[in-house]
Amino acid sequence: MSSYIRQNRVPLPPPDAKVTTTACDYCVVACGYKVYTWPVGKEGGPKAAENAFNVDFPTSTLGWWISPNQHNIVSVNGQPHHVLVVPDNDATVVNLKGNYSIRGGTNALKAYNPDKPTRDRLLYPQIRVDGKLERVSWDTALDVMVAVSKHVLSKYGEMAWAMKTYSYEFFENTYAITKLAWGSINTAAFAQHDKPGMSSDTGGMDDAGIITFSASYKDYAAADVLFISGTDPFETKTVVFTSWMLGKKLIMVVPRRTAGVAYAEQNGDLHLPVIPGTDTILHLAINRIILENGWEDKEFIDRWVANSWEVDAGFGRGPRNTPWQWRTTWGQFQSNYKDYKEWLLKYEPAELEKAAATTGVPAEKIRKAAEMLTGAGGPRPKASFNFEKGNYWSHNYLNTASLAALGLLCGAGNRPGRVISRLGGHQRGWMAGAAYPMDKTPEKLPGRRRNQLDLDRWVMDGHVRFAWVIGNTWTGGQAASQFLAAALRRFTRENPNQVTSTNKDEIIATLLARVDSGGMVIVDSDIYPVEPINTELADIVLPAAQWGEHDVTRCNGERRLRLYSRFYDPPRRGET
Amino acid sequence: MSDSCNLQAKISRRSFLFLSGGALALVAMPPELARAAAARGLSLVRVSYPRQKIGRLSALQLGRPVAFQYPHQHPNCSALLYKLGAPAGGGIGPDGDVVAFNNLCTHQGSPIPYFDAVNQVAGPCPLHLTTFDLTRHGMVISGHATDGLPQVVLELDGDDIYATGMMGLIFGFHNNEVIP
């Protein structure tokens with residue numbers, strides 16, 4: 001039974017407590033934090049001279065404070081220590097003056113403590129014996145992985161050796177992961193956590209020439225109007241909303257009336273409750289109103305949107321020799337602003353009344369959005385355009401293509417306060433240590449180029465004999481299916497070759513027999529038990545260190561490099 | 001929720017904390033209360049707080065909170081006594097709807113000037129929009145704060161309402177029981 005006991009006190013760090021810096025591990029914003037650690041058995045006092053904060057307690061209203069949920073007990077060099085993970089109130093970027101969310105504010109609770117729910121952490125390497133995970137040494141686990149990998153590579157080739165990994169859990173790790181898979185192994189049987197292949201999330205945006213993480217948080221503060229599509233940043237990237245967006249005119253394109261939407265409505269802003277899947281029509285309807293009334297930013301378009309000569313000459317992104325050309329065929333679908341305008345003004349689904357019926361958004365609200373974004377012929381406001389999964393994760397190319405067109409019509413193009421950008425989900429920690437071996441993928445587009453492999457399909461078709469899963473659920477990933485889960489189960493647990501011994505040579509012999517019978521061996525690296533990938537499917541489970549347990553780096557949603565210092569021991573027992 | 005209200009209405013002992021989860025031993029309770037508490041997964045432990053009269057039941061009006069100071073005469077210890085009109089965790093009175101909470105947002109310590117009487121919600125806090133459910137021990141509904149509003153433990157003695165303890169750390173304090 002879990003229990004929640006409300007605390008009436010929190011220990012204070014003594015003046016000699018160790019202070020390290022970190023950033024929050026949760027959402028894309030990556031707020032800055034300070035970490036105070038000191039040995040159990042000591043405590044600071046309420047007078048400023050008696051504590052490491054140099055602050056008198058009680059602090060004042062509207063002041064600074066530590067909540068009991070910012071405290072935990074951890075192991076430092078094997079000794080129990082208090083830890084406080086406290087928002088950095090000296091912050092002049094990201095979380096100004098120590099702003100923090102309910103997620104980051106409880107960062108300390110995710111540190112491993114065997115007396116708390118984090119006791120579920122994976123602690124040592126395990127191999128599935130008689131259906132049950134049994135503790136083994138690192139040497140045994142790694143020897144088995146090496147033996148199976150060598151056999152698979154020599155007998156079935158690189159494409160039978162697969163990896164399914166997170167894309168974000170720190171630059172240092174993804175560099176090593178890709179160096180192994182793409183460089184040393186040289187396999188294209190590889191996919192990131194969120195999708196079955198190494199394709200773009202936001203094709204329409206990319207083809208329009210917009211780098212999807214282009215904004216700085218100052219841009220939101222500098223904007224007058226924010227068009228926010230497919231996310232409620234108050235709920236999911238809270239500090240970017242309350243530190244940088246409050247007070248702006250908001251247009252929130254979200255199907256549900258979430259907390260941030262309710263705030264916007266209370267302030268007289270606009271909620272466009274779009275029927276899921278109809279974003280493209282909504283964008284096109286707004287674009288059409290803008291063009292019908294001549295509210296577009298002509299100066300910006302003339303200067304920055306390619307005309308037919310520029311398209312043909314191949315200047316900039318979007319015209320020749322770009323990904324969309326590779327995916328299609330040279331010269332087909334070539335277009336420019338003039339074509340676009342003529343096409344849209346004749347495109348019936350974008351007519352206001354038809355679009356209102358399709359999207360479920362009242363016509364007057366669609367029109368109001370066009371007015372708010374452009375000034376409706378009056379002074380032009382600085383409009384910025386933000387989007388997230390609700391918009392782009394349908395993998396509907398036109399959602400992001402039409403949103404890019406909307407932003408460009410309004411003069412947004414990565415200039416101060418006028419940006420088109422994703423807000424982000426997780427932080428950005430992808431650093432490829434080698435090139436994806438595109439020549440290995442058997443998939444090909446109608447044009448001249450190969451396409452990235454769909455790993456899920458490759459597995460379901462029985463091409464994979466060894467897979468290493470790192471820090472993700474796979475069977476719960478995007479485009480995954482019960483059919484994928486059933487295939488993984490069939491190739492592993494339902495194969496007759498199951499390990500029944502803890503003897504290393506016997507384990508290897510059994511797993512090689514599995515591989516040669518058309519089965520598959522799965523290794524899973526993670527920090528917790530995850531249903532079903534490591535609790536049921538994996539043959540080998542490896543424990544990993546997390547945030548706070550090693551020194552690592554990655555970037556937040558405005559590309560700001562964040563450093564995460566180690567402040568306590570990874571929960572490993574025995575061997576290292 | 002009504003079980004806990006009845007439970008609270010009957011308790012006349014001073015100075016206790018609510019603990020959910022039943023991990024701690026029940027202390028000095030009549031058997032029927034202990035059974036009721038166990039059924040709710042609640043148990044009690046003692047801490048020492050002043051017993052202070054803060055109002056009269058008959059004087060309370062629906063949706064009109066009354067301000068008081070508790071447990072210390074410190075600016076952060078401003079609290080509000082509510083008659084919610086809906087049964088509430090820790091509520092006293094015949095309807096189990098009289099509760100009291102410290103009124104500083106547990107995020108960055110702003111006094112919370114808004115009370116949504118229809119939904120029994122404190123907030124949104126003017127700084128970062130955190131809202132708190134007063135029928136559920138002040139827990140966060142939405143927003144930034146990492147802990148609920150500290151609840152003032154109440155007892156009823158005839159028509160008199162007494163504050164007898166706190167559940168949750170008051171903003172700015174490292175220990176509720178240290179007199180500033």
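Residue numbers start from 1 in every chain, and the chains themselves are labelled A, B, ... in the order their sequence lines are given, proteins ahead of strands. Note that the structure is a prediction, hence the values are computed from the model and not measured.
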**OP:** Taking the six-membered ring of B/Y162 (Phe, Tyr or Trp), confirm whether the NZ or CZ of B/R51 is under 6.0 Å from its centre and within 45° of its axis.
**Re:** yes
**OP:** Compute both the distance and the angle, then confirm whether A/K237 meets the cation-pi test with A/Y26: under 6.0 Å from the six-membered ring centre, within 45 degrees of the axis.
**Re:** no
Examine whether an atom of [X] lies under 4.5 Å from a heavy atom of chain A, and if so say whether it belongs to the side chain, the backbone or both; otherwise answer neither.
X      : value
B/L127 : both
B/L129 : both
B/H107 : both
B/H74  : side chain

Original post:
Any side-chain heavy atom of A/N107 within less than 4.5 Å of one from A/Q70?
Top reply: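 Counting from C-beta outward, A/N107 and A/Q70 never come under 4.5 Å.
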Subject >> Aromatic ring proximity, centroids under 6.0 angstrom, A/W64 and A/F53 >> reply: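 Yes - the distance between ring centres of A/F53 and A/W64 falls below the 6.0 Å cut-off.
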Original post:
Between A/P11, A/P68, A/S243, A/A259, which residue shows the highest count of heavy-atom pairs closer than 4.5 Å to chain B?
Top reply: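 Ranked by contacts with chain B, first place is A/P68.
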Region of [X] in contact with chain B, defined by heavy-atom distances below 4.5 Å:
X      : answer
A/Y263 : side chain
A/N99  : both
A/L246 : side chain
A/L12  : side chain

**OP:** Kindly indicate, with the supporting measurements, whether the criterion side-chain contact (heavy atoms from CB on, under 4.5 Å) is fulfilled by A/V254 and A/T231.
**Re:** CA-CA 6 Å; A/V254 188; A/T231 181; over 6 Å; no
Subject >> Electrostatic pair A/R256:A/D232 at N-O distance under 4.0 angstrom >> reply: no
Original post:
Which one of A/D90, A/N89, A/T22, A/T20 satisfies the side chain to side chain donor-acceptor pair (under 3.5 Å) criterion with A/K34?
Top reply: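 Of all the options given, the one that passes is A/D90.
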